[in-house]
Amino acid sequence: MLESLLAIGGLVLLRDSVEWEGRSLLKALVKKSALSGEQVHVLGCEVSEEEFREGFESDVNSRLIYHDLFRDPLNWSKTGEAHPGGPLGALRAMYRTDSCSITIAVDSLSWLLLHLPCTELCQTLHVLSHGNSYPGVNPPVGEVRVLGLLHEELHGQGPLGALSSLAQTEVTMDGKMGQASVHILYRRPQQRPAYQTQWFSILPDFNLDLQEGPVESQQQPSSHVPLVDPTTHLTFNLHLSKKEREAKDNLTLPFQFSSEKQQALLRPGPGQSSSHIFYEPDVYDDLDQEDPDEDLDI
């Protein structure tokens, strides 16, 4: 599972909720990237550096380059600017590297969305995840992977849709009866999106224990609105019985003219007087006494 999530570069969006937290999965991906020899940068916003590093072995912690925004979120440090340009400046600074491949873990995108305009954050993530270069900055030689933790219950459909459109891999935390699962959406260039559901548990050392879960069809994640049967609450019957169909076929509708009705209308019978129309002009009627067709020589 970890190999499939880290197989390609770009933005890996980890969507969690109050019931199913995603920071443990983020740390598992960070550990996997660090042990694979990649340079790993962590932008810590929501928890302290000590709390984030807790549970990692020394060889993993030694490979993490931690950028701490938790202690001084508004950059008010009197010892000088720790992060010139703020959080986005810190993200751009991680991009300036000669490493072949780098992983950037953002904990979390929700914190950034609450402090920064959504458009500026999306533009920065687009540059990072698509390997584009900033003015005057050469991009890394290898691929760049951005792991972004997102608390989706804190945001509306606008920011969620914008970040989702940028992600090459989208992971939604879920579960049943205390057993955690993830719904994974893979987007590959020039390929149809692929879906996968995986049941797992995270060990104290942030390794994954894959488990067998309920069999599910590989459909889009369950967060989408379920389909509703439009015939559930109808006030009429869509199907007719045999007798009802016969009565319907024998019924003559008002706009249907039988031959008898046509003859009665065209040839009034004895005693039936022809109709006349009587019209008395109103005082405000605009009557033109001239013949409108006199220039036609009729």
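Only heavy atoms go into these numbers, but all of them, side chains included; no hydrogens, no water, no symmetry mates. FYI, the numbering just counts along the sequence from 1.
A salt bridge links Glu50 and Arg71; the closest N-O separation between the charged side-chain nitrogens and carboxylate oxygens is under 4.0 Å. In summary, Lys31 and Glu57 engage in a salt bridge, as defined by a charged side-chain N under 4.0 Å from a carboxylate O.
Between Gln198 and Gln196, the closest heavy-atom pair is OE1-NE2, 3.8 Å. Taking each heavy atom of Ser33 and Arg145 in turn, the nearest pair found is OG-NH1, 4.2 Å. When all heavy atoms of Ser110 and His155 are compared, the pair lying nearest together is OG-NE2, 2.8 Å. Counting all heavy atoms, side chain and backbone alike, Pro87 lies closest to Leu69 at CB-CD1, 3.8 Å. Leu109 and Gly148 get closest at one heavy-atom pair: CD1-CA, 3.7 Å. Summarising the geometry of Gly22 relative to Asp16, their closest heavy-atom pair is N-OD2, 2.9 Å, with the distance given to 0.1 Å.
Inter-residue side-chain proximity for Gln191 and Tyr186 is flagged as unmet; no heavy-atom pair is nearer than 4.5 Å. Considering only heavy atoms from C-beta on, His41 stays 4.5 Å or farther from Thr103 through its side chain. Using a 4.5 Å heavy-atom cutoff, the side chains of Leu112 and Leu88 are not in contact.
For the pair Arg53 (side chain) and Asn61 (backbone), a donor-acceptor distance under 3.5 Å is present. Between the side chain of Glu244 and the backbone N or O of Ser241, at least one donor-acceptor pair lies under 3.5 Å. Not a single donor-acceptor pair under 3.5 Å links the side chain of Ser164 to the backbone N or O of Leu160. Using a distance-only test at 3.5 Å, with no hydrogens or angles considered, no donor-acceptor pair links the side chain of Arg63 to the main chain of Val40. With Glu49 contributing its side chain and Asp68 its backbone, the two residues share no donor-acceptor pair below 3.5 Å.
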- [ ] Report the C-alpha distance between Leu208 and Ile202 in whole Å, list the side-chain angles of each, state the deciding distance to 0.1 Å, and finish with yes or no for side chain to side chain contact (heavy atoms under 4.5 Å, CB included).
- [x] CA-CA 5 Å; Leu208 291 189; Ile202 300 178; 3.4 Å; yes
Open item on the list: Could you go through Met173 and Leu14, starting from their C-alpha distance and side-chain angles, then the distance that decides it, and tell me whether this counts as side chain to side chain contact (heavy atoms under 4.5 Å, CB included)?
Closed with: CA-CA 8 Å; Met173 304 293 298; Leu14 307 178; over 6 Å; no
- [ ] Could you give me the CA-CA distance, side-chain angles and deciding distance for Leu11 and Leu128, then say whether side chain to side chain contact (heavy atoms under 4.5 Å, CB included) is met?
- [x] CA-CA 8 Å; Leu11 175 61; Leu128 291 174; over 6 Å; no
- [ ] Run the numbers on Leu91 and Val106 for side chain to side chain contact (heavy atoms under 4.5 Å, CB included), then give the verdict.
- [x] CA-CA 9 Å; Leu91 280 174; Val106 183; 4.1 Å; yes
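Note on Phe56 and Tyr66: same hydrophobic cluster, where clusters join Ile, Leu, Val, Met, Phe, Trp and Tyr whose side-chain heavy atoms are under 4.5 Å apart, directly or indirectly. A continuous path of Ile, Leu, Val, Met, Phe, Trp and Tyr side chains, each step under 4.5 Å between heavy atoms, connects Leu5 with Leu210, placing both in one hydrophobic cluster. With hydrophobic clusters built from ILVMFWY side chains whose heavy atoms lie under 4.5 angstrom apart, Ile102 does not share a cluster with Ile65. Leu154 and Leu163 fall into different hydrophobic clusters, where Ile, Leu, Val, Met, Phe, Trp and Tyr residues are linked whenever their side-chain heavy atoms come under 4.5 Å apart, directly or through other members. Under the 4.5 Å side-chain contact rule for hydrophobic residues, Phe206 and Val47 share a cluster.
Among the candidates Leu113, Leu150, Leu121, the single residue satisfying the side-chain contact (heavy atoms from CB on, under 4.5 Å) test with Pro159 is Leu113. No option in Ile184, Leu13, Leu147 other than Ile184 meets the side-chain contact (heavy atoms from CB on, under 4.5 Å) test with Thr169.
From Gln179, atom CD reaches atom CH2 of Trp20 across 8.0 Å, with rounding to the nearest 0.5 Å. Taking CD of Gln157 as the reference point, atom CD of Glu152 lies at 9.0 Å (rounded to 0.5 Å). Considering OG of Ser24 and CG of Leu29, their distance stands at 11.0 Å, rounded to 0.5 Å. Taking CZ from Arg23 and CG from Leu149, the interatomic distance works out to 6.0 Å, rounded to the nearest 0.5 Å. In this structure, NE2 on His183 lies 7.0 Å from OG1 on Thr172, to the nearest 0.5 angstrom. Interatomic distance, CD of Glu170 versus OG of Ser165, reported as 9.5 Å (0.5 Å rounding).
At most 12 heavy atoms of other shown residues, nucleotides or ligands fall within 6.0 angstrom of atom CD in Glu54. No more than 12 heavy atoms of other residues, nucleotides or ligands lie within 6.0 Å of CZ in Arg245, so this atom counts as exposed by the packing criterion.
In this structure, Pro204 has no side chain to side chain contact (heavy atoms under 4.5 Å, CB included) partners at least two apart in sequence or on a different chain.
Side-chain N/O atoms of Ser108 and Glu46 include a donor and acceptor closer than 3.5 Å.
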